[in-house]
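Heads up: the structure comes next, in structure tokens.
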Amino acid sequence: MGAATSWRLAKRGVHVVCFDRHSPPHAQGSTHGESRIIRTAYFEGAWYVPLLQEAFPLWRELEAISGERILTMTGALMIGDATSDAVVGAQASAKEHGLDAELLDTDSLRRRYRGHVVRDGDVAVLDRQAGVLNPETAVGAMLAQVPQVVRDTEVKSIAELRSSFDAVVVAAGPWTPELIDWIPLRVERQVHGWFSLARDADWFGPDRFPAFVRQSGESSFMYGIPSLDGKTVKVGRHHDGETTTPQAIRRRVDDSDVDPLRLLTSTYLRGVSGHVTRTLTCMYTNTPDGHFVIDFSPEDARVVVISACSGHGFKFAPVIGDIAADLVCDGGTKRDISRFSASRFAASHVPGDHGDHD
Ligand SMILES: Cc1cc2nc3c(=O)[nH]c(=O)nc-3n(C[C@H](O)[C@H](O)[C@H](O)COP(=O)(O)OP(=O)(O)OC[C@H]3O[C@@H](n4cnc5c(N)ncnc54)[C@H](O)[C@@H]3O)c2cc1C
């Protein structure tokens with residue numbers, strides 16, 4: 001989010017300095033692992049769709065100026081039973097915005113996607129305006145547009161910067177609670193793994209196997225990325241991770257992390273072996289309702305804070321960067337960000353409490 005904001009500000013000719021405590025792209029926060037899903041039939045809320053429709057051309061703009069390949073269109077499947085949030089929500093977004101999406105019944109799902117084990121009653125929304133982004137390449141490409149990136153330099157307080165700059169945008173991901181205490185955030189450890197494909201499983205390529213989110217039960221979500229190397233698929237659980245902090249996170253991945261992923265792949269995917277070639281830990285920074293915060297500080301209208309994660313923010317990065325640039329340059333934005341105000345948590349929030357709010 002910081003790289004995206006810096007890119008969009010630099011594009012407007014603003015003198016912007018991007019500070020990072022690490023040297024991005026890096027694997028210490030939330031933006032690594034070579035792939036992130038972007039989709040449009042958004043089950044999390046139809047109000048995200050206009051932002052998503054803006055995101056695609058901005059990602060293409062970034063590709064054009066950098067010469068890098070960042071977005072691979074694969075389509076996306078939201079799989080679940082007909083009453084699941086993933087299916088119902090994706091359908092509602094598609095209907096409201098007239099999206100290129102299709103409801104697949106159980107038979108069609110079975111027929112078209114051999115890689116999925118389809119149970120009786122499983123259906124899916126096929127979202128054609130969807131694909132996979134490469135986060136490391138994207139961050140590198142955005143920062144290449146920013147004249148001044150100060151790496152390996154921790155900002156200790158917002159006040160420290162505020163005296164030297166006209167405005168400050170805080171996009172500190174899971175470190176945000178160290179800098180501000182007026183958004184209730186819970187940092188969650190997440191593990192994803194790359195599973196080897198069986199020798200004859202040739203149905204996982206990005207041209208034939210859409211990225212997917214699969215809901216089983218009320219709140220259990222897994223996601224998968226088509227095989228980008230021809231040898232593995234990347235699979236993760238959405239949420240269900242332990243509460244952590246960037247300092248305390250358990251980086252070592254053990255059987256208690258891999259076994260649930262192995263169970264999901266053996267239950268829901270056909271042609272994937274139990275062999276894991278790689279794993280990664282990453283962090284979600286969750287708001288209580290799973291939606292983003294993009295807002296001014298209640299104490300200082302020259303400070304903008306972005307917490308655009310809750311496990312689904314990356315796809316929006318260039319739009320959110322542009323919104324932050326609007327807020328800094330114009331004091332407001334024409335995009336509807338009313339759902340992302342921090343004040344929605346004001347009543348329930350005890351300042352300084354960063355406990356488990358989910
Ligand atoms: C496993 C996993 C899978 C995901 N899958 C998807 C997906 O498929 N699709 C999707 O859209 N989203 C997905 N997300 C969410 C998405 O990756 C995040 O929303 C997004 O990357 C958040 O970026 P960020 O800039 O907020 O945080 P970060 O990437 O963590 O960046 C914060 C930056 O701030 C720097 N920083 C922090 N504190 C300071 C300080 N005091 N001084 C200087 N620098 C500081 C850090 O070094 C870091 O570079 C996923 C997330 C994870 C973890």
Side-chain angles (χ1 to χ4, degrees), residues 1-6 17-40 42 44 48 51-52 55 59 71 74 76 130-136 138-139 142-143 149-158 160-161 168-180 185 187-193 211-213 221-225 234-241 244-247 249 253 257 261 279-287 290-294 305-321 324:
M1 299 303 150
T5 303
S6 303
V17 184
C18 179
F19 292 90
D20 202 294
R21 68 193 302 151
H22 296 293
S23 185
H26 60 76
Q28 305 302 308
S30 304
T31 312
H32 55 281
E34 294 149 30
S35 51
R36 290 290 184 270
I37 301 172
I38 178 166
R39 48 199 163 80
T40 312
Y42 218 56
E44 291 88 340
Y48 286 98
L51 300 178
L52 289 160
W59 285 118
L71 169 61
T74 64
V132 176
L133 295 156
N134 183 310
E136 287 91 344
V139 169
M142 288 167 175
L143 289 179
V149 180
V150 181
R151 296 169 183 277
D152 302 307
T153 302
E154 181 188 352
V155 173
K156 302 265 191 227
S157 77
I158 299 167
E160 174 194 304
L161 286 188
V168 173
V169 178
V170 181
W175 289 267
T176 305
E178 294 179 6
L179 292 169
I180 57 152
L185 295 171
V187 177
E188 183 183 5
R189 177 178 179 268
Q190 292 288 303
V191 174
H192 48 230
F212 73 91
V213 178
F221 290 83
M222 73 180 284
Y223 60 84
I225 309 279
K234 188 175 113 176
V235 172
R237 287 195 293 163
H238 185 44
H239 295 298
D240 299 327
T244 189
T245 66
Q247 284 74 29
I249 183 169
V253 172
D257 299 305
L261 292 178
T279 54
L280 267 184
T281 55
C282 191
M283 284 172 277
Y284 283 179
T285 306
N286 300 314
T287 61
H291 301 299
F292 309 148
V293 172
I294 310 171
V305 176
I306 304 172
S307 179
C309 185
S310 292
H312 65 114
F314 186 76
K315 59 183 82 62
F316 298 91
V319 192
I320 290 178

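What you see below is based on every heavy atom in this structure, not just the backbone, and it leaves out hydrogens, waters and symmetry mates. Every number for a ligand or one of its atoms is a count from 1 in the order of the listing.
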Is the distance between the ring centroids of Y284 and H239 under 6.0 Å?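 Yes, the ring centres sit under 6.0 Å apart.
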Quick one: which ligand 1 atoms are inside 4.0 Å of a heavy atom on [X]?
X: V155; answer: 40 (C), 41 (N), 42 (N), 43 (C)
X: M283; answer: 53 (C)
X: H26; answer: 46 (C), 47 (O), 48 (C), 49 (O)
X: H192; answer: 1 (C)

Please write down residue, atom name and distance for the protein heavy atom closest to [atom].
atom: atom 5 (N) of ligand 1; result: R36 CD, 3.3 Å
atom: atom 18 (C) of ligand 1; result: C309 SG, 3.7 Å
atom: atom 8 (O) of ligand 1; result: I37 N, 2.7 Å
atom: atom 53 (C) of ligand 1; result: C282 SG, 2.4 Å
atom: atom 27 (O) of ligand 1; result: G173 CA, 3.4 Å

Do we see a donor-acceptor contact under 3.5 Å between the side chains of K315 and Y42?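 There is such a pair (donor and acceptor under 3.5 Å, judged by atom type) between the side chains of K315 and Y42.
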So, does [X] use its side chain to make a donor-acceptor pair with the main chain of [Y] at under 3.5 Å?
X: S23; Y: D152; answer: no
X: H312; Y: G290; answer: yes
X: R151; Y: P24; answer: yes
X: E136; Y: G33; answer: yes

Going by the angle between their ring planes, with limits at 30° and 60°, are F221 and H238 parallel, tilted or perpendicular?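 Perpendicular: the ring planes of F221 and H238 meet at over 60°.
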Taking side-chain hydrogen bond (donor to acceptor under 3.5 Å, both in side chains) as the definition, give me every residue that meets it alongside T176, ordered by chain and number, with sequence neighbours left out.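 Here no residue qualifies.
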Please list all pairs meeting salt bridge (charged side-chain N to carboxylate O under 4.0 Å, His left out) that have one or both residues in residues 26-35, counting only residues at least two apart or in different chains.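 Matches after skipping sequence neighbours: E34-R278.
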Check the pair C282, H32 against side chain to side chain contact (heavy atoms under 4.5 Å, CB included), reporting the backbone distance first and the verdict last. CA-CA 8 Å; C282 191; H32 55 281; 3.6 Å; yes
Just let me know how I38 lines up against ligand 1, side chain, backbone, both or neither, with a heavy-atom cut-off below 4.0 Å.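 Neither part.
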Tell me the contacting part of H312 for ligand 1: side chain, backbone, both, or neither, using a 4.0 Å heavy-atom threshold, strictly below.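 Just the backbone.
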Restricting to non-hydrogen atoms, name the atom on G224 and the atom on I37 that form the minimum distance, rounded to 0.1 Å.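 G224 and I37 have their closest heavy atoms at O-CD1, 4.0 Å.
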Using heavy-atom distances, let me know which of [options] sits nearest [atom].
atom: atom 11 (O) of ligand 1; options: Q28, H22, E188, K315; result: K315
atom: atom 26 (O) of ligand 1; options: K156, E154, M1; result: M1
atom: atom 35 (C) of ligand 1; options: D20, I306, L133; result: D20
atom: atom 51 (C) of ligand 1; options: F19, W175, Y223, Y284; result: Y284
atom: atom 34 (O) of ligand 1; options: G2, A171, G29; result: A171

Using non-hydrogen atoms of the residue, decide whether [X] is closer than 4.0 angstrom to ligand 1.
X: G33; answer: no
X: A308; answer: yes
X: T176; answer: no

Would you say the side chain of V149 lies within less than 4.5 Å of the side chain of D20, judging by non-hydrogen atoms?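 No. Closest side-chain heavy atoms not under 4.5 Å.
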I'd like to check whether [X] has a polar contact with ligand 1, where a contact means an N/O of the residue lying under 3.5 Å from an N/O of the ligand.
X: T31; answer: yes
X: R21; answer: yes
X: P24; answer: no
X: F314; answer: yes

Does the side chain to side chain contact (heavy atoms under 4.5 Å, CB included) test come out yes or no for T245 and V187, once each step is laid out? CA-CA 6 Å; T245 66; V187 177; 5.7 Å; no
In sequence, state the C-alpha distance, the side-chain angles, and the governing distance for T287 and F292, and then conclude on side chain to side chain contact (heavy atoms under 4.5 Å, CB included). CA-CA 7 Å; T287 61; F292 309 148; over 6 Å; no
